[in-house]
Structures are given as structure tokens and as C-alpha cells.
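A quick write-up on the structure given underneath.
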Amino acid sequence: MFSTSTYKNRRTELMNQFESGWLLFLGNEEVGMNYKANAYPFRQDSSFLYYFGIDQPGRVGAIDVSTGKSWLFGEDVSMEDVIWTGAQPRIRELANQVGAEESGDLKQLVAVLLKAVAQKAAIHYLPPYRLRNTQKLSHWLGKSFTEIENGTSKELIRAVIAQRSIKSEEEIAEMEKAVAVSKVIHHRMMRHAKYGIQEAELMSLAEGLAMATEGRLGYPPIVTVRGETLHNHHYHHRLEKGQLILADVGAAVKSHYTSDITRTFPVAKRFTQQQREIYQIVLDAENFAIKQCQPKRTYQSIHLATSELIATRLKELGLMKGDPAEAVVQGAHALFFVHGLGHMIGLDVHDMEDLGEDEVGYGMEVKRSDLFGTAYLRLGKHLRNGFVVTVEPGIYFIPALIEQWQAAGKHKDFINYDALKRYKEFGGIRIEDNVLVTATGQRVLGPAIAKTVSDVEELRNS
């Protein structure tokens with residue numbers, strides 16, 4: 001938790017965007033894996049955490065704009081709860097910790113909401129992404145599931161996005177802690193990888209190191225020798241000679257602020273010449289994109305400029321041909337760089353995307369492309385001082401996609417399909433860092449994590 005004043009100030013800033021009504025923030029419940037008492041590890045709703053800071057299930061926060069008072073609702077634990085889970089602070093104590101003036105149980109919450117409905121006061125709430133919270137809102141407000149889903153507050157969504165997008169110094173400090181843990185994880189994996197072990201051994205190493213710092217991984221990790229499958233969560237392959245390991249692993253600290261870091265390294269002690277050539281293109285593209293991260297630049301323009309650099313360098317290798325700029329305009333580069341350059345990051349690995357990916361990444365500023373590849377860019381709008389974004393270019397050789405495009409004669413003026421035969425078993429390479437946009441430019445968060453060819457090979461040989 002941050003200081004009491006941090007939460008009070010956040011709520012005051014939000015409340016000042018509204019003239020009247022209630023702002024409602026539902027915390028999460030525990031979710032059973034296969035029955036209620038056998039729950040997944042609890043993860044609190046990020047917007048509830050941001051404004052109310054209580055990392056416990058079954059809590060609800062509310063702000064009464066007309067009085068300027070904040071409420072924290074929930075049930076005090078019973079003796080039976082204490083026996084199984086230990087003593088917990090009472091709701092009033094929790095409210096005091098985060099500076100909420102009022103508190104009550106869930107019956108009082110229902111009474112407050114019914115009174116607000118009777119007075120025709122607006123009740124603003126964010127999109128519920130868990131069915132249980134949709135059920136609660138339906139019950140409390142006397143509306144159908146469809147009415148609840150259609151009744152989310154655009155005004156609240158946009159106000160929360162605007163506020164949470166700008167990271168404070170204390171938030172940045174937490175994210176840098178997360179990157180520091182990720183550095184330990186990635187360097188340990190680079191040292192530990194060897195012929196014959198399964199990907200699962202590296203993945204479990206990452207999870208163990210994250211938990212040893214009282215945190216967790218910020219998302220299901222990708223640790224795979226089949227890096228051409230973008231979200232590959234299978235860990236059964238054994239490491240073999242000639243392969244590359246793509247490790248997309250980011251630690252989240254106790255406060256839940258997360259990192260999102262990707263490194264790619266060879267199973268062998270050194271990159272092959274072919275691997276080194278593609279790796280250097282990706283690294284140069286990442287360094288280029290990081291330097292382009294400046295206030296007022298659109299992230300969409302940075303993505304496109306980075307795509308053109310990749311196309312230019314692939315042309316130099318003989319894998320692409322024609323005008324690189326036109327290749328990007330037509331989307332030919334997406335055979336290799338099939339995803340977006342990056343996204344917002346903070347309390348969530350894809351920060352605030354429960355509020356709507358286009359609302360977070362584009363808003364009213366920039367139109368999202370419908371072109372294959374570029375359409376997957378999650379963040380397109382103008383960068384601002386205080387944004388933290390991921391920068392993660394990649395090059396992938398996806399056999400099924402190559403075969404489909406070749407059979408259809410797609411972009412044959414830009415792609416040298418004959419030259420791609422030598423890359424059929426290559427896999428994929430991605431390099432990713434987390435970047436703070438500053439008033440004058442940018443700064444990569446956290447301690448440096450090995451990514452030059454020489455630094456990676458040094459770790460592989462240590």
C-alpha cells in the first residue's frame with residue numbers, strides 16, 4: 001500500500017471530474033479452480049487497488065460526488081473465517097488506512113444504492129470482466145445482465161484512463177523494482193539453459209524467483225523454443241542444438257505493479273550466423289523505437305517507422321524486396337513482424353485493457369488500422385509525459401502463414417519466398433523493455449538486462 005494521502009488524492013482528482021452521482025468500484029472475489037474452496041491465487045481489481053488500495057476479496061469502494069465522501073463496504077470476518085484464514089482488520093480499520101470517511105457492510109451498500117436510484121442519481125461503474133461482479137450489479141441495481149453490460153459509464157472509463165495513464169514517481173519506483181526482479185530471472189535463465197532440459201524447468205525457475213521476492217509473475221510466462229507462436233504457453237519441448245529460446249517473462253511486485261520483459265537467446269553457447277543477423281535487426285529496431293518515444297509522437301507512427309526499418313534490413317538480407325516504405329503501407333512486413341510494437345503497462349501488464357483496448361490505446365485521437373499486423377497494435381495515440389509503455393519489436397518465421405501467403409501469391413512484389421526456405425525452422429525473436437516517456441524524451445525502466453549479442457553470449461558461457 002501507498003500512503004493514506006495517495007489514495008485520498010487520487011479519489012479527489014477523480015471526483016473533481018464529475019458534478020454529481022456515485023462512482024462505484026467493485027473489488028474482486030476469490031474464484032474457484034474446480035470448487036469454491038479451492039481458489040486460484042487472488043488478484044484484486046486494478047482500478048479498485050488504484051483508488052482504494054485494499055488487497056482483499058469482497059470489498060467495494062464508492063465515492064459520493066455530492067458530499068465528497070468515500071465509502072468502503074464489505075463484511076467483517078467471522079470467527080470461523082479467523083480459524084481458517086487468520087485475523088483480519090475490520091472494515092472500519094481498512095477504511096481508515098486508505099482515508100475513506102465512511103464504511104459499512106454490504107446491506108448498507110445496497111441501501112445506499114437503492115436510495116441513489118430513487119433519487120435518480122447517476123451510478124457510474126466500470127465494465128465488469130468477471131461474471132460474479134455482473135451478478136452483483138444486476139442484483140443491487142435491479143437490472144438485467146444486458147442492461148448492466150450496456151450501462152457502463154463512458155465518462156468514468158475515460159476519467160480513470162486519463163488518470164491512471166500518467167504514472168507517479170511512487171508508481172514508477174514500484175515498476176522499477178519489478179524490472180529488477182525480472183533482470184534476476186532472465187539472467188538466471190540464460191545461465192541455466194542447457195541441452196536436454198524441458199522449457200518447463202526454465203519457466204519454473206522464473207516463477208520461483210518471482211515468488212521469492214513476495215511477488216508473482218505479472219502474466220502467464222512464455223518460455224519456448226517455438227517462438228514463432230506468439231502466445232505459446234506450452235512448456236514440454238526439450239532444448240535442442242540450433243534452437244532459440246524466447247522468454248517473455250515479467251515479474252510483478254507485492255503492490256501488483258508489473259514489468260513485461262522479453263529476451264531471446266540461443267540454446268547453444270553462441271548464436272549461429274543466421275540467428276545473429278536476425279537478432280541484430282530486432283535489437284536495432286528496438287533501440288530505434290525506444291529513442292522515438294517522445295511526448296506528442298503517436299505510438300502508431302513509431303510502430304510504422306520501426307516496421308519500415310525492419311523491412312529495410314530484411315531487404316538487405318534478401319528476404320524482402322521493393323520499396324520498404326510501400327511494403328509497410330501495404331502490410332507486407334507483417335509476414336515477419338505480425339504484432340504491434342507495444343502497449344501501456346502499470347498495475348496490469350496490458351494496462352487498463354479491461355476498460356476497453358481502443359479506449360486505452362486510441363481514444364478519440366488516432367484511428368486504429370484495419371491492416372493485418374498493424375491492426376494488432378494495442379497503443380496508437382499520442383505519447384505523454386508519464387506514460388509507461390512496452391517496446392517489443394520481433395521477427396518471426398511462421399511456416400503456416402508463409403505457406404498461405406505464398407500459395408495465394410500475396411505481396412510477391414515485396415517478399416522473396418524462395419529465400420525463406422532456409423528459415424523454415426528458425427522460430428522467432430523478440431526483445432522487449434519497459435519505457436517511461438519523460439518531458440524531454442524517454443528512459444528505460446530498471447537496471448539494464450543483457451540484450452546485446454556479446455552480453456547474451458557472455459551469460460550463456462558463464
Side-chain angles (χ1 to χ4, degrees), residues 33 40-41 178-179 181-213 215-252 258-272 274-276 278-279 282-283 286 336 338-339 349-350 390 392-402 423-434 449-451 453 455-462:
M33 294 185 192
Y40 289 103
V179 174
V181 177
S182 294
K183 175 178 180 175
V184 174
I185 291 171
H186 280 275
H187 285 192
R188 189 75 66 85
M189 286 194 295
M190 288 182 192
R191 289 189 176 102
H192 187 79
K194 55 183 177 288
Y195 297 139
I197 70 169
Q198 281 190 314
E199 299 155 325
E201 188 169 328
L202 297 178
M203 189 276 286
S204 60
L205 180 67
E207 285 200 323
L209 289 168
M211 294 187 72
T213 63
R216 290 186 178 274
L217 296 179
Y219 51 92
I222 301 166
V223 182
T224 181
V225 294
R226 303 288 0 139
E228 75 279 7
T229 303
L230 299 185
H231 282 177
N232 195 336
H233 299 301
H234 299 286
Y235 311 111
H236 61 280
H237 299 102
R238 292 198 178 275
L239 277 53
E240 298 176 4
K241 185 178 179 180
Q243 292 176 324
L244 290 165
I245 302 165
L246 190 153
D248 189 336
V249 182
T258 190
S259 58
D260 188 359
I261 304 293
T262 307
R263 291 294 185 266
T264 307
F265 55 94
V267 173
K269 297 297 184 181
R270 299 193 181 281
F271 292 97
T272 66
Q274 187 186 59
Q275 291 169 347
R276 185 187 299 260
I278 300 299
Y279 186 93
V282 177
L283 180 59
E286 197 220 14
F336 308 97
V338 73
H339 57 76
V349 64
H350 290 176
T390 67
E392 48 179 311
I395 294 177
Y396 313 89
F397 297 88
I398 306 170
L401 184 62
I402 294 170
Y423 293 81
K424 185 176 181 181
E425 297 298 322
F426 186 94
I429 293 175
R430 181 166 64 254
I431 305 172
E432 175 184 22
D433 287 294
N434 305 154
I449 302 172
K451 62 180 179 180
V453 168
D455 286 347
V456 170
E457 289 183 342
E458 182 179 343
L459 280 169
R460 289 297 296 124
N461 284 277
S462 62

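The figures that follow rest on heavy atoms only: side chains count, while hydrogens, waters and symmetry mates do not.
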Using atom types as modelled and distance alone, determine if a side-chain donor or acceptor of [X] lies under 3.5 Å from a backbone N or O of [Y].
X	Y	value
E457	F271	yes
R216	A210	no
Q275	G242	yes
E286	D433	yes
R238	G196	yes
H186	I261	yes
R460	A193	yes

Working note: I278 + F397, criterion side chain to side chain contact (heavy atoms under 4.5 Å, CB included); need CA distance, chi angles, decisive distance, verdict. CA-CA 11 Å; I278 300 299; F397 297 88; 4.1 Å; yes
Measure across [X] and [Y] and return the closest heavy-atom pair with its distance rounded to 0.1 Å.
X	Y	value
R263	I449	NH2-O, 3.1 Å
S182	S259	OG-OG, 2.7 Å
V181	A251	CG1-CB, 3.6 Å
P220	H233	O-CE1, 3.2 Å
A450	M190	O-CE, 3.8 Å
G250	T258	O-OG1, 4.3 Å

Heavy-atom side-chain contact between [X] and [Y] under 4.5 Å:
X	Y	value
L246	D248	yes
L244	F426	yes
K451	L283	yes
V249	M189	yes
Y195	K241	yes

Roughly how far, to the nearest 0.5 Å, is [atom2] of [Y] from [atom1] of [X]?
X	Y	atom1	atom2	value
E458	K269	CD	NZ	12.5 Å
H231	I222	NE2	CD1	5.0 Å
H237	T224	NE2	OG1	6.0 Å
L202	I185	CG	CD1	12.0 Å

Decide yes or no on side chain to side chain contact (heavy atoms under 4.5 Å, CB included) for E392 and D260, but give the supporting numbers first. CA-CA 9 Å; E392 48 179 311; D260 188 359; 4.2 Å; yes
Could you give me the CA-CA distance, side-chain angles and deciding distance for N461 and R270, then say whether side chain to side chain contact (heavy atoms under 4.5 Å, CB included) is met? CA-CA 8 Å; N461 284 277; R270 299 193 181 281; 4.1 Å; yes
Hydrogens and angles aside, do H192 and E201 bring a side-chain donor and acceptor to less than 3.5 Å of each other?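 There is such a pair (donor and acceptor under 3.5 Å, judged by atom type) between the side chains of H192 and E201.
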The test is side chain to side chain contact (heavy atoms under 4.5 Å, CB included); show your working for Q274 and Y423 and say whether it passes. CA-CA 9 Å; Q274 187 186 59; Y423 293 81; 3.5 Å; yes
Are R226 and E199 within salt-bridge range, i.e. N to O under 4.0 Å?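 No, this pair does not count.
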Could you pull out all residues at least two apart from Y279 that satisfy side-chain hydrogen bond (donor to acceptor under 3.5 Å, both in side chains)?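 Residues passing side-chain hydrogen bond (donor to acceptor under 3.5 Å, both in side chains) with Y279: none at all.
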Are the ring centres of F336 and Y396 closer than 6.0 Å?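 No, the ring centres sit 6.0 Å or more apart.
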